[in-house]
Amino acid sequence: MLAVMVLCLLTHPASMFMLLGLGASWVYMFVVKTDPLVINGRTFSDREKLMGMSAISLIVMFFLSSIGSVIFMGLGLGCAGVAAHGAMRVPDDLFLDENADDNGFFSFLKPPQPGQATI
């Protein structure tokens with residue numbers, strides 16, 4: 001699924017560069033610039049910086065560019081690939097039927113049978 005996402009971003013280089021710019025702004029804001037952010041004499045806490053950067057990132061991704069549609073297209077194609085793989089997979093030899101009288105995973109919820117040892 002990650003390969004499909006990378007492929008979708010490689011086919012839309014403007015979206016990839018915009019995501020790189022957003023990532024660079026996050027790294028600058030939280031890793032490089034360690035002193036508190038001061039705008040017009042007001043000091044912003046790390047929590048306020050996080051909320052502001054999240055809002056700016058969402059606005060840029062979904063309203064000012066086509067990054068959101070590229071990401072959702074990649075996720076949709078990846079999920080379709082996973083679903084197609086699951087539909088074509090033949091699980092004949094994946095399970096062993098050693099105890100046919102066992103009722104699966106939730107068999108521990110049944111009361112013990114007569115003569116069955118309890119712990």
Straight-line distance of [X] [atom1] to [Y] [atom2], nearest 0.5 Å:
| X | Y | atom1 | atom2 | result |
| --- | --- | --- | --- | --- |
| Thr43 | Lys49 | OG1 | NZ | 11.0 Å |
| Ser65 | Leu19 | OG | CG | 7.5 Å |
| Ser57 | Phe62 | OG | CZ | 10.5 Å |
| Leu22 | Ile56 | CG | CD1 | 9.5 Å |
| Met5 | Ile71 | CE | CD1 | 5.0 Å |

Inspect the surroundings of CG in Asn40 and state if more than 12 heavy atoms from other residues, nucleotides or ligands are less than 6.0 Å away.
no
Starting from [X], walk the hydrophobic network (Ile, Leu, Val, Met, Phe, Trp, Tyr; side-chain heavy atoms closer than 4.5 Å) and list everyone else you reach, by chain and number.
| X | answer |
| --- | --- |
| Met88 | none |
| Val4 | Met73, Leu77 |
| Trp26 | Met29, Phe30, Leu37, Ile39, Phe44, Leu50, Met53 |
| Leu7 | none |

Tell me whether Leu9 shares a hydrophobic cluster with Leu58, the cluster being built from Ile, Leu, Val, Met, Phe, Trp, Tyr side chains joined at under 4.5 Å.
yes
Do Val70 and Met16 have side chains that approach each other closer than 4.5 Å (heavy atoms only, starting at C-beta)?
no
I need the minimum non-hydrogen distance between Ser15 and Ser66, along with the two atoms involved.
OG-OG, 3.5 Å
Using side chain to side chain donor-acceptor pair (under 3.5 Å) as the criterion, list what pairs up with Arg42, not counting sequence neighbours.
Glu48
Results of side-chain contact (heavy atoms from CB on, under 4.5 Å) for Leu64 - residues two or more places apart only
Ile59, Val60
